[in-house]
Amino acid sequence: MTAPVRVRFAPSPTGRPQVGNIRTAMFDWLLARHTGGSFILRIEDTDVARTEPGALEAIMDGLRWLGLDWDEGPDVGGDYGPYFQSQRLELYKEAAERLVKQGDAYYCYCSPERLEVMRKEQVARKQPPGYDRRCRDLSPQERARKEAEGIVPVARFKVPLEGQTRFKDLIYGDVVFENSTIDDFVMLKSDGYPTYHLANVVDDHAMKISHVIRGEEWISSTPRHLLMYRALGYEPPRYVHTPMILGPDRAKLSKRHGDVSILEYCHQGYLPETMFNFLVLIGWSLDDKTEILTRQQLIESFSLERIGKTGAIFNKEKLDWMNGVYIRSLSLEDFVQRSLPFLEKGLPAAVKRPLDIDYIRRMMPLVQERAKTLVEVPQLVEFFFVDQPDYNTELLIDKKMTLESTIKTLEVSRQRLQLMEVFDEALLENLLRPLAEELGLKAGQLFGALRTAVTGRTATPPLFQTMAVLGKERCLKRINAALEKLHQLSS
RNA sequence: GGCGCAUUCGUCUAGCGGCCCAGGACGCGUCCCUCUCAAGGACGAGAUCACGGGUUCGAAUCCCGUAUGCGCUACCA
């Protein structure tokens, strides 16, 4: 696997870039980089009706986000362009005409309505549905008559009635199909656009693609492609079908079960390096223990041989874990920079902008090891910003404490805190630990009351560090507010 | 219905005839650490390797069959 490959990712711009497709693109990219080959982006915009505006940009954004740069493609050009199939219509038409001339294809004038009825009957008779080849042997006169009626035909490939078509898939091994089970499929639609089958064969040949990497769902149509390669006199590429990514019900992942756009993971605060690592591990593994791999390690160690055969369910919990691992591995400044957009968006509108970046830098070490995704960072640090945290007064009173003892505890704490000149972590600890003992409390009881008073929460980063970041003024203000709440409760 | 592909802990997987009465990871449980929450550490539960036949001295690994699941079966890709 050292010869440079030419591989292509060929999405159709009919929707957002889903993880299944992106994973295939990653395999393409990895193989290209591993072998020093080329990764080509080709847009299969042959389904005019389903093409969605914006889909192309979204696909490119998704690839860029993951760092899957392409060597040839719509925007960067290349020697084998154009890279939009809609701009290569002439090529497909020529190929189709040639096949018709050679007797390997024919024009079909059957109406969609007739085909519909035909299929229904076939299914009713428990026959395999498929084109009945009515137009396969039309006489020139019959054809002329249809043309005269103004019917615009489609071009169908003349699949051999007998024999077998076989190929060796690099992952699944030998696959054999009886030609008799394949119907005469449409190559060229009546609107002049090719179907996937034709366009794919013509372009992969024209673009000198060496390996076709695509989802397992394409295995069944591979013999059609092979038959066309043969009829056209082209050398077929190597085929690499990859296992699918499944939904929780083991069915092909769809929008229904959250096959969300790869960009959605970006918005949800997953790091691109997490997605890259995680996605490649669905269906591929290095060995029996390595889970975290850098992009460079992946390029070096990637190989087709280690791609599995079985569809895999997308394991969200594991993704979350891995994202935590990657977040923790970030340098503080990197973590700050990546969190910034999420803070801008996620912090309450009442927090004044621009955000105080230095203040943020001081609190971020406290949340870095607690965040699983970037999108939850604002939640984690919100109490640092709000004027006065909102919380239920009961939370101030520890299970083993009373209203009175809590009031007393906070009052004494306030006095002592007020006397501090330098409000840092070490000094806070030196003050507070002995204070708990002095008050006859367990450290947790004192710290718990202070924690709630100062943050409004029962689960926060370590108290002293948190208070140090908050600063003396904010802490005292909040303790005062807490005491007020408690007094209200007692009256 | 036809054709094709697949089948190892709940999930992702290692395993390509003896090292496996099956290893790792996520998740889960217990414990340690500890001011809470995380993180980290230790330990544990969890798979008769879908089932049934072969082949072999020996099979999760090879062969056949069955079952189940999934995919394809469009003038979609």
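Order of the sequence lines sets the chain letters (A, B, ...), proteins ahead of strands, with each chain counted from 1. All values below come from the heavy atoms of this structure, side chains included, with hydrogens, waters and symmetry mates left out.
- Partner assigned to B/C37 is none, using Watson-Crick or G-U wobble distances below 3.5 angstrom.
- A/Val175 comes within contact range of the sugar-phosphate backbone alone, with a heavy-atom separation under 4.0 Å but no base atom that close.
- Using a 4.0 Å heavy-atom criterion, one finds that A/Gly283 contacts the sugar-phosphate atoms exclusively.
- Distance, A/Ile59 CD1 to B/A77 P: 14 Å, rounded to whole Å.
- Among pairs with a residue in residues 426-466 of chain A, those fulfilling ring pair (Phe, Tyr, Trp, His ring centres under 6.0 Å) read A/Phe447-A/Phe464, at least two apart in sequence or across chains.
- Between A/Phe157 and A/Tyr229, the distance separating the two ring centers is not shorter than 6.0 angstrom.
- When the P atom is used for both B/C70 and B/C33, the distance is 49 Å, rounded to whole Å.
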Can A/Asp203 and A/Arg88 be said to form a salt bridge (Lys or Arg N to Asp or Glu O under 4.0 Å), step by step? CA-CA 9 Å; A/Asp203 288 342; A/Arg88 318 180 111 245; 2.3 Å; yes

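- Under the 4.5 Å side-chain criterion, counting only non-hydrogen atoms from C-beta, A/Cys110 is in contact with A/Arg134.
- By the salt bridge (charged side-chain N to carboxylate O under 4.0 Å, His left out) test, A/Arg224 is found to be paired with A/Asp183, residues two or more places apart in sequence or in another chain being considered.
- Base-pair partner of B/U7: B/A67 (Watson-Crick or G-U wobble, both distances under 3.5 Å).
- A distance of about 49 Å separates the P atoms of B/U73 and B/U30, rounded to the whole Å.
- Pairs passing the ring pair (Phe, Tyr, Trp, His ring centres under 6.0 Å) check and including a residue from residues 360-379 of chain A, sequence neighbours excluded, do not occur.
- In terms of the salt bridge (charged side-chain N to carboxylate O under 4.0 Å, His left out) criterion, A/Lys400 has no residue partners (sequence neighbours excluded).
- Under the rule for a side-chain contact (heavy atoms from CB on, under 4.5 Å), the partners of A/Asp424 that lie at least two apart in sequence or sit in another chain are A/Val422, A/Ala426, A/Leu427.
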Under 4.0 Å protein heavy-atom contacts per nucleotide of nucleotides 24-30 of chain B, with B for base, S for backbone only and - for none: BBBS---

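- Checked against the 6.0 Å centroid criterion, the rings of A/Trp70 and A/Phe9 do not qualify as a close aromatic pair.
- Backbone-only contact: A/Val176 has heavy atoms under 4.0 Å from sugar-phosphate atoms and none from a base.
- Cation-pi geometry between A/Lys189 and A/Tyr92 is not met: the NZ or CZ atom fails to fall both under 6.0 Å from the ring centre and inside 45° of the normal.
- Look at CD1 on A/Ile307: it is 16 Å from C1' on B/A14, rounded to the nearest Å.
- A 3.5 Å limit on both hydrogen-bonding distances identifies B/G2 as the Watson-Crick or G-U partner of B/C72.
- When both distances must be under 3.5 Å, the Watson-Crick or G-U wobble mate of B/C62 is B/G54.
- Side-chain rings of A/Phe278 and A/Tyr270 stay apart, their centers remaining 6.0 Å or farther from each other.
- Base pairing of B/U30 is made with B/A42, judged by Watson-Crick or G-U wobble geometry with both donor-acceptor distances under 3.5 Å.
- Listed pair A/Lys189 / B/C76 meets the phosphate criterion, a side-chain N or O lying under 4.0 Å from OP1 or OP2.
- Rounded to a whole angstrom, the distance from the C1' atom of B/G27 to that of B/G44 is 14 Å.
- Counting only distance, with no hydrogens or angles, the side chain of A/Asp45 and the backbone of A/Gln85 share a donor-acceptor pair below 3.5 Å.
- Note on A/Arg457: nothing from the nucleic acid sits closer than 4.0 angstrom, heavy atoms only.
- In this structure, A/Arg119 atom CZ and B/U73 atom C1' are separated by 10 Å, rounded to whole Å.
- Atom C1' of B/G15 sits at a distance of 8 Å from the matching atom of B/A60, rounded to the whole Å.
- When Watson-Crick and G-U wobble pairs are counted only if both distances are under 3.5 Å, B/C20 pairs with no nucleotide at all.
- A/Leu343 is listed as a side-chain neighbour of A/Ile360, based on a closest heavy-atom distance under 4.5 Å.
- With a 6.0 Å cutoff to the six-membered ring centre and a 45° limit on the axis angle, A/Arg295 counts as a cation-pi contact of A/Phe276.
- Distance check on atom P: B/A42 versus B/C26 gives 11 Å, rounded to whole Å.
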Show me the protein contacts with nucleotides 35-37 of chain B, counting only N or O atoms at under 3.5 Å.
from	atom 1	to	atom 2	distance (Å)
B/C35	OP1	A/Arg433	NH1	2.9
B/C35	OP1	A/Arg433	NH2	2.9
B/C35	O2	A/Arg451	NH1	3.3
B/C35	O2	A/Arg451	NH2	2.5
B/C35	N3	A/Leu463	N	3.2
B/U36	O2'	A/Thr458	O	2.9
B/U36	O2	A/Arg451	NE	3.4
B/U36	O2	A/Thr460	N	2.7
B/U36	O2	A/Thr460	O	2.9
B/U36	N3	A/Arg451	NH2	3.3
B/U36	N3	A/Thr460	O	2.5
B/U36	O4	A/Pro462	N	3.0
B/C37	O2	A/Arg370	NH1	2.5
B/C37	N3	A/Arg370	NH1	2.4

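- Taking atom P on both B/G18 and B/G54, the two are 22 Å apart, rounded to the nearest angstrom.
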Reading nucleotides 60-71 of chain B 5' to 3', which nucleotides get B (base under 4.0 Å from a protein heavy atom), which S (sugar-phosphate only), which -? ----------SB

ring-ring contact (aromatic ring centres under 6.0 Å, His included), that's the test. Do A/His225 and A/Tyr196 meet it? Break it down for me. CA-CA 10 Å; A/His225 306 154; A/Tyr196 171 85; 5.7 Å; yes

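- Rounded to whole Å, the P atom of B/G53 lies 26 Å from the corresponding atom of B/G23.
- Each of A/Thr310 and A/Phe177 was matched to the nucleotide of RNA chain B holding its nearest heavy atom; the match closer to the 5' end belongs to A/Phe177.
- Partners of A/Leu439 according to the side-chain contact (heavy atoms from CB on, under 4.5 Å) rule, which considers only residues two or more places apart in sequence or in another chain, are A/Lys408, A/Thr409, A/Val412, A/Leu435, A/Leu441.
- For the pair A/Glu216 and A/Lys309, the salt-bridge criterion is not met [side-chain N within less than 4.0 Å of a carboxylate O].
- Not a single salt bridge (charged side-chain N to carboxylate O under 4.0 Å, His left out) links A/Arg362 to another residue, sequence neighbours left out.
- Taking side-chain N and O atoms only, A/Arg306 has no distance below 4.0 Å to OP1 or OP2 of B/C16.
- Side chains of A/Ile262 and A/Gln18 form no contact here, defined as non-hydrogen atoms less than 4.5 Å apart.
- Taking atom C1' on both B/A45 and B/G29, the two are 7 Å apart, rounded to the nearest angstrom.
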Identify all pairs in which a protein N or O lies below 3.5 Å from an N or O of nucleotides 42-46 of chain B, and state each distance.
none

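- Contact annotation: A/Arg125 does not reach the phosphate of B/G2 (side-chain N/O to OP1 or OP2, under 4.0 Å).
- Across residues 44-52 of chain A, A/Glu44, A/Thr46, A/Asp47, A/Arg50 each have a non-hydrogen atom less than 4.0 Å from an atom of RNA chain B (numbered order).
- The nearest heavy atom of RNA chain B to A/Asp287 and to A/Cys108 marks one nucleotide each, and the one closer to the 5' end goes with A/Asp287.
- When the side-chain nitrogen and oxygen atoms of A/Ser285 are compared with OP1 and OP2 of B/A14, one or more of them lie within a distance under 4.0 Å.
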